[in-house]
2 protein chains.
Amino acid sequence: MNIKTATEIGKCLSNQTRVQIMEWLKKPEKNFPPHESLKHFNDGVCVTYIHEKAGLSQSTISSYLTNMEKCGLLILTRHGKWSYLKRNEKVIKEYTDFIT
Amino acid sequence: MNIKTATEIGKCLSNQTRVQIMEWLKKPEKNFPPHESLKHFNDGVCVTYIHEKAGLSQSTISSYLTNMEKCGLLILTRHGKWSYLKRNEKVIKEYTDFIT
DNA sequence: TCTACATATCGGTAATTATAGATATATTAG
DNA sequence: CTAATATATCTATAATTACCGATATGTAGA
């Protein structure tokens with residue numbers, strides 16, 4: 001981890017909604033309804049559910065999640081028309097190691 | 001640690017200069033000259049040295065450091081006319097535990 | 001006291017981020 | 001193919017943050 005990457009991650013974690021999303025994704029099955037087509041949360045939660053729970057516009061949440069994926073905080077997996085997002089624990093660990 | 005506090009810390013860590021300051025303060029004796037009046041770095045580094053090393057205006061650095069102290073990332077100790085700042089490892093740990 | 005120095009705060013403008021609505025793209029169902 | 005649904009991207013404006021210079025405050029020493 002370098003300073004530039006760490007700062008990008010810090011930017012993602014500088015907004016209450018985004019921090020909240022990171023928290024929700026710790027326990028997807030507790031915080032979101034079960035998926036229609038997928039029987040598991042192995043790849044996380046789809047954009048729509050996060051959007052509905054967060055209460056901000058679809059475009060806002062989509063760009064939040066895109067940025068969070070780009071800086072490595074989240075892992076994106078596409079299944080059909082859905083995009084699933086889960087925490088990238090490896091990068092989160094690298095980040096916390098860096099700032100510690 | 002709660003979401004609000006974590007977000008405030010995230011805001012402090014969303015700027016490259018501030019992240020850099022946190023890094024410098026890991027090893028004060030390596031990154032800063034020795035103090036004139038104090039013989040040790042037990043309370044960290046004074047505002048002037050951080051200001052000079054960062055290359056931004058005194059007022060900007062002062063407000064950075066004030067915010068970083070308010071959200072708990074730094075500990076401020078005054079000795080005479082100098083303000084010394086050091087990392088608050090306890091809060092940093094609480095923060096990394098929270099986001100992990 | 002007066003002066004010098006260290007730091008904090010104030011007031012302003014520039015730059016960035018937040019956020020929405022509209023629209024584009026991708027995928028599936030029929 | 002067409003329609004419906006999920007997500008991404010574009011464009012614009014509002015809100016926030018960045019940053020500086022000026023000024024205020026606080027402290028030590030002459």
Between [X] ([atom1]) and [N] ([atom2]), how many Å, whole number?
X: B:Ile61; N: C:dT9; atom1: CD1; atom2: P; value: 15 Å
X: B:Met68; N: D:dA18; atom1: CE; atom2: C1'; value: 15 Å
X: B:Glu52; N: C:dC5; atom1: CD; atom2: P; value: 13 Å
X: B:Lys70; N: C:dT7; atom1: NZ; atom2: C1'; value: 13 Å
X: B:Leu38; N: D:dT27; atom1: CG; atom2: P; value: 17 Å
X: A:His51; N: D:dT9; atom1: NE2; atom2: C1'; value: 16 Å
X: B:Tyr49; N: C:dC5; atom1: OH; atom2: P; value: 14 Å
X: B:Leu65; N: C:dA8; atom1: CG; atom2: C1'; value: 11 Å

Closest to side chain of [X], choosing from [options]:
X: B:Cys46; options: C:dA20, C:dT7, D:dA6; value: C:dT7
X: B:Leu56; options: C:dT7, D:dA8, D:dC20; value: D:dC20
X: A:Tyr64; options: D:dT9, C:dT19, C:dA8; value: C:dT19

### Message
D:dT7, OP1 or OP2 - any side-chain N/O from A:Thr66 closer than 4.0 Å?
### Response
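Indeed not, no polar side-chain atom of A:Thr66 lies that close.
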### Query
Looking only at side-chain N and O atoms, does A:Ser62 come under 4.0 Å of OP1 or OP2 in D:dA6?
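No, no such contact exists.
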Pairwise distance [atom1]([X]) to [atom2]([Y]) - rounded to 0.5 angstrom:
X: A:Thr77; Y: A:Glu69; atom1: OG1; atom2: CD; value: 9.0 Å
X: B:Cys46; Y: B:Glu52; atom1: SG; atom2: CD; value: 8.0 Å
X: A:Leu56; Y: A:Thr17; atom1: CG; atom2: OG1; value: 5.0 Å
X: A:Asn31; Y: A:Glu23; atom1: CG; atom2: CD; value: 9.5 Å

### Query
Can you list the steps and then say if A:Asn2 with A:Thr5 is a side-chain hydrogen bond (donor to acceptor under 3.5 Å, both in side chains)?
CA-CA 6 Å; A:Asn2 57 52; A:Thr5 305; 2.9 Å; yes
### Query
Can you find a pair of side-chain heavy atoms, one from A:Thr100 and one from B:Lys93, that are under 4.5 Å apart?
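A side-chain contact under 4.5 Å is absent here.
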#### Entry: pair B:Met68-B:Met22: side-chain heavy atoms closer than 4.5 Å
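Side chain of B:Met68 against side chain of B:Met22, heavy atoms only: contact under 4.5 Å found.
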### Query
Angle class for the B:His35/B:Tyr49 ring planes (parallel below 30°, perpendicular above 60°, tilted otherwise)?
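Answer is parallel, since the angle falls under 30°.
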#### Entry: A:Arg18 side chain to A:Gln20 backbone, donor-acceptor under 3.5 Å
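No: the side chain of A:Arg18 does not pair with the backbone of A:Gln20.
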### Task
Could you list by number each residue of residues 3-23 of chain A showing a heavy-atom separation from DNA chain C of less than 4.0 Å, or answer none if no residue does?
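Only A:Lys11, A:Asn15, A:Arg18 qualify.
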### Summary
With B for base contact, S for sugar-phosphate-only contact and - for none (protein heavy atoms under 4.0 Å), nucleotides 21-30 of chain C reads BB----SS--
